[in-house]
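In what follows, a structure is listed as structure tokens, so that the remarks can point back to it.
For ligands, and for the atoms within them, numbers begin at 1 and follow the listed sequence.
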Amino acid sequence: MKLILLGAPGAGKGTQAEFIQAALKVPVISTGNLLREAVAQGTSLGLKAKEYMTSGRLVPDELIIALVREKLASHDCEHGVILDGFPRTVAQAEALDTFAAPDAVVSLEVPDEVIVKRMTGRRTCPKCGSTYHVEHNPPQVEGVCDKCGEKLGIRHDDDPEVVLQRLEIYHDQTEPVKHHYDALNKLQQVEGVGTVEEIRQRIFRKLGLEL
Ligand code: AP5
């Protein structure tokens with residue numbers, strides 16, 4: 001299954017992608033994680049993307065479309081893929097339709113005020129990209145990634161002012177992507193407020209996966 005996870009920044013896409021990946025056994029392509037890796041490594045993509053990401057703006061479509069196209073070709077996506085954070089503009093969705101149209105699109109619906117609270121407690125692993133929350137989804141050992149043992153950190157773009165900017169961009173540029181997939185009868189909207197486990201179950205039901 002080729003699945004897209006849509007949702008505002010902090011809606012829980014990365015958190016839920018891990019459960020769906022375990023169930024479907026397909027790779028996750030997270031454009032945010034790929035870009036953060038590129039920035040950390042100082043590649044030419046990273047140098048171009050850094051300024052956009054730090055200020056909460058979207059990286060230009062042509063850079064992201066080329067990146068996803070390359071990753072889809074190089075990953076083992078024969079049995080499917082989960083796209084987390086792509087597409088985020090109608091132009092990206094239209095491009096994707098030409099080389100890897102999705103089978104299903106899940107949109108996590110979370111009000112802005114809940115997002116702002118979630119972002120203040122987020123901790124992320126700079127090495128493997130895993131996401132935690134100090135209260136709602138803590139790691140087993142405080143400040144340490146369960147998966148790879150790396151010290152957890154706080155993302156630069158989780159600064160409250162940048163979060164508000166990212167939410168504005170989401171409403172302006174990414175919400176229209178929902179209409180794009182709704183018109184194609186592929187959109188499944190999932191209430192994204194509740195515990196991580198409750199939301200996992202809602203998504204699994206929508207996708208017909210075993211709970
Ligand atoms: P990206 O990394 O994709 O950020 P995002 O979409 O803004 O999403 P986040 O990773 O912030 O949140 P999430 O929905 O994955 O939530 P999470 O599971 O972590 O992109 C970063 C930047 O890269 C962009 O701003 C842009 O500049 C650039 N970029 C990326 N893709 C691009 C594209 N396609 N085009 C152009 N530019 C692009 O959860 C958030 C927190 O809440 C965590 O702490 C988590 O533990 C907690 N949490 C999760 N679920 C729950 C729950 N049910 N209850 C309580 N807490 C919860």
Would you indicate whether [X], at its atom [atom1], is surrounded by more than 12 heavy atoms from other residues, nucleotides or ligands within a distance under 6.0 Å?
X	atom1	answer
Glu191	CD	yes
Glu161	CD	no
His156	NE2	no
Lys50	NZ	no
Lys127	NZ	no
Tyr52	OH	no

Considering the heavy atoms of [X], write down every atom of ligand 1 situated less than 4.0 Å from one of them.
X	result
Gln92	33 (C), 34 (N), 35 (N), 36 (C)
Ile199	53 (N)
Arg57	26 (C), 27 (O)
Thr195	53 (N)
Gly14	13 (P), 15 (O), 18 (O)
Arg155	1 (P), 2 (O), 4 (O), 9 (P), 10 (O), 11 (O), 21 (C)
Val196	50 (N), 51 (C), 52 (C), 53 (N)
His136	55 (C), 56 (N)

Answer yes or no: is there a side-chain heavy-atom contact under 4.5 Å between [X] and [Y]?
X	Y	result
Arg122	Met119	yes
Leu108	Ile199	yes
Ile64	Leu58	no
Leu96	Gln92	no
Ile203	Phe19	no

Examine the proximity of ligand 1 to [X] and report which part, side chain or backbone, both or neither, has a heavy atom under 4.0 Å away.
X	result
Tyr170	neither
Asn137	side chain
Val59	both

Which residue holds the protein heavy atom closest to [atom], what is that atom called, and what is the gap in Å?
atom	result
atom 25 (O) of ligand 1	Arg166 NE, 4.0 Å
atom 44 (O) of ligand 1	Tyr132 O, 2.6 Å
atom 34 (N) of ligand 1	Gly85 O, 2.9 Å
atom 31 (N) of ligand 1	Thr31 OG1, 2.8 Å
atom 12 (O) of ligand 1	Gly10 N, 2.8 Å
atom 29 (N) of ligand 1	Leu35 CD1, 3.5 Å
atom 16 (O) of ligand 1	Gly12 N, 3.1 Å
atom 45 (C) of ligand 1	Thr15 OG1, 3.7 Å

*Counting heavy atoms only, which of Arg88, Gln173, Lys13 is nearest atom 33 (C) of ligand 1?*
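Checking each option, the heavy atom nearest atom 33 (C) of ligand 1 is found in Arg88.
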*Looking only at non-hydrogen atoms, which of His133, Arg122, Arg118, Gln165 approaches atom 11 (O) of ligand 1 most closely?*
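Closest candidate by heavy-atom distance is Arg122.
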*asked:* Regarding Glu197 and Gln201, do their side chains bring together a donor and an acceptor under 3.5 Å, going by distance alone?
replied: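 Note: Glu197 and Gln201 side chains meet the donor-acceptor criterion.
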*Could you state the interatomic distance from NE2 (His179) to CD (Glu175), rounded to the nearest 0.5 Å?*
6.5 Å
*asked:* Measuring from atom CG of Leu184 to atom CG of Asp97, what distance do you get when rounded to the nearest 0.5 angstrom?
replied: 6.0 Å
*Could Arg166 and Asp158 be called an ion pair, given the rule that one side-chain N must be under 4.0 Å from one carboxylate O?*
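Looking at Asp158 together with Arg166, the answer is yes, because their closest N to O distance falls below 4.0 Å.
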Would [X] count as a contact residue for ligand 1, given that I'm defining contact as a non-hydrogen atom of the residue lying under 4.0 Å from a ligand atom?
X	value
Gln16	no
Ala8	yes
Arg36	yes
Gly194	yes
Met119	yes
Ala11	yes

[X] to ligand 1: N or O pair under 3.5 Å?
X	answer
Gly121	no
Asp158	no
Asp84	no

*Are Leu35 and Leu6 co-members of a hydrophobic cluster defined by side-chain heavy atoms under 4.5 Å apart?*
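Looking at the clustering, Leu35 is in the same group as Leu6.
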*Taking a hydrophobic cluster as the set of Ile, Leu, Val, Met, Phe, Trp and Tyr residues connected by side-chain heavy atoms closer than 4.5 Å, whether directly or through intermediates, do Leu5 and Leu167 fall within one such cluster?*
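No: no chain of side-chain contacts under 4.5 Å links Leu5 to Leu167.
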